[in-house]
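All remarks here apply to the structure that follows.
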Amino acid sequence: MLQRIFRIVRKEILQISRDSGLVRMVALAPLLQLVIYGYVVATEIRSLPMVTLDRSNSEEGRRLIDRFVASGYFVVEENVDNLADVTRHLDSGRSIVGLVIPVDYARDVRRGAAAKVQMLVDGANSNTATIALGYASGVVSVESDSLLRDNFGKKGFRMVEAGIRAEPRVWFNP
């Protein structure tokens, strides 16, 4: 069986070598495709549209939103007043990411307790949703580290449990 395959491969190589145009096509086409796909396919996504709901209406909440915008990965499309508006933004496709900051966010940050925020991501395009969640988790981690450093400085050498824990939820409506 293996000998038959090798004979067919040998025959095909002989046939290709007789036609110079076919040799160029067989050699250059894959190389050209690799070069083109390397520039066309990009996994980094910038300026993801984002809707925010800051129920805490505090400096700490604005600081978190500003950190999202400063990352370059997110652009705030609108600041809304209720969860129904966040849902409308995600359902209509105007925003891919929704950030919901709860009422007690600023109080928890000031106390040095673990503060929570909610990330809602439109899951219609799973690749974009996964990348957006990764970016958002990174932004939240940076803010959390900053808060930890601030608390550490305020309290001396005693480590405190503080930070932000994101609770991501991917929404998909088939």
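Model, not experiment: these values are computed from the prediction. Just so you know, residue 1 is the first one in the sequence shown, and it goes up from there.
Between Phe68 and Phe74, the ring planes are perpendicular. Angles over 60° get that label, and only those under 30° would be called parallel.
Remark: Ile45 CD1 to Asn127 CG distance equals 6.0 Å, nearest 0.5 Å. Rounded to the nearest 0.5 Å, atoms CG (Asn57) and CG (Asn79) are 10.0 Å apart. Atoms CG and CE, on Leu99 and Met119 in that order, are 5.5 Å from each other to the nearest 0.5 Å. Summarising the geometry, atom CG belonging to Leu14 is positioned 5.5 Å from atom CZ belonging to Arg10; distances are rounded to the nearest 0.5 Å. Between Arg18 atom CZ and Ile13 atom CD1 the span is 12.5 Å, to the nearest 0.5 Å. Rounding to the nearest 0.5 angstrom, the gap separating the CG atom in Asp66 from the OG atom in Ser71 is 11.0 Å.
If you check the side chains of Arg110 and Ser58, you find no donor sitting under 3.5 Å from an acceptor. In this model, no donor atom of one side chain and acceptor atom of the other lie less than 3.5 Å apart for Asp54 and Thr52. Side-chain contact check for His89 and Glu77: no donor-acceptor pair (N or O, by modelled atom type) lies under 3.5 Å.
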Let's go through Val69 and Val75 carefully: what are the C-alpha distance in whole Å and the side-chain angles of both, what is the deciding distance for side chain to side chain contact (heavy atoms under 4.5 Å, CB included) to 0.1 Å, and is it a yes or a no?
CA-CA 6 Å; Val69 173; Val75 174; over 6 Å; no
For side chain to side chain contact (heavy atoms under 4.5 Å, CB included), just list the numbers for Tyr105 and Val117, CA-CA rounded to whole Å, side-chain angles, deciding distance to a tenth of an Å, and then say yes or no.
CA-CA 8 Å; Tyr105 173 78; Val117 296; 3.7 Å; yes
Evaluation steps, side chain to side chain contact (heavy atoms under 4.5 Å, CB included), between Arg55 and Ile101
CA-CA 6 Å; Arg55 290 183 170 155; Ile101 301 172; 6.0 Å; no
Check step by step if side chain to side chain contact (heavy atoms under 4.5 Å, CB included) holds for Asp85 and Val51.
CA-CA 9 Å; Asp85 289 339; Val51 60; over 6 Å; no
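Other residues, nucleotides and ligands place more than 12 heavy atoms under 6.0 Å from the CD atom of Glu78. Taking a 6.0 Å sphere around CD of Gln33, one finds it holds more than 12 heavy atoms contributed by other residues, nucleotides or ligands.
One N or O on the side chain of Ser137 and one on the backbone of Leu133 form a donor-acceptor pair closer than 3.5 Å. A donor-acceptor contact shorter than 3.5 Å links the side chain of Ser92 to the backbone of Arg88.
By the criterion of side-chain heavy atoms lying less than 4.5 angstrom apart, applied directly or through intervening Ile, Leu, Val, Met, Phe, Trp or Tyr residues, Leu53 is grouped together with Trp171 in one hydrophobic cluster.
For the pair Pro102 and Ser56, the tightest heavy-atom approach, listed with the atom from each and the gap, is O-CB, 3.3 Å. Of all the heavy atoms in Ala115 and Val109, the pair that sits closest is CB-CG2, 3.8 Å. Leu90 and Asp122 make their closest contact through O-OD2, 3.8 Å (heavy atoms, listed as atom of the first residue, atom of the second, distance). Closest non-hydrogen pair, Ala132 versus Leu48, comes out as CB-CD1, 3.7 Å.
Residues Ile131 and Tyr135 meet the side-chain proximity criterion, which asks for heavy atoms closer than 4.5 Å. Residues Ile96 and Met50 form no side-chain contact, since every pair of their non-hydrogen atoms from C-beta on lies 4.5 Å or further apart.
In this structure, Arg46 is positioned above the aromatic face of Tyr73, its NZ or CZ under 6.0 Å from the six-membered ring centre and within 45° of the axis.
Among residue pairs with one or both ends in residues 92-108, those qualifying as salt bridge (charged side-chain N to carboxylate O under 4.0 Å, His left out) are Asp104-Arg107, Asp108-Arg111; sequence neighbours excluded.
The hydrophobic cluster around Ile16 extends to Leu22, Val23, Met25, Val26, counting ILVMFWY residues whose side-chain heavy atoms fall within less than 4.5 Å of a member.
For the side chain to side chain contact (heavy atoms under 4.5 Å, CB included) with Leu120, the qualifying choice from Thr87, Val170, Leu83 is Leu83, the only one to do so.
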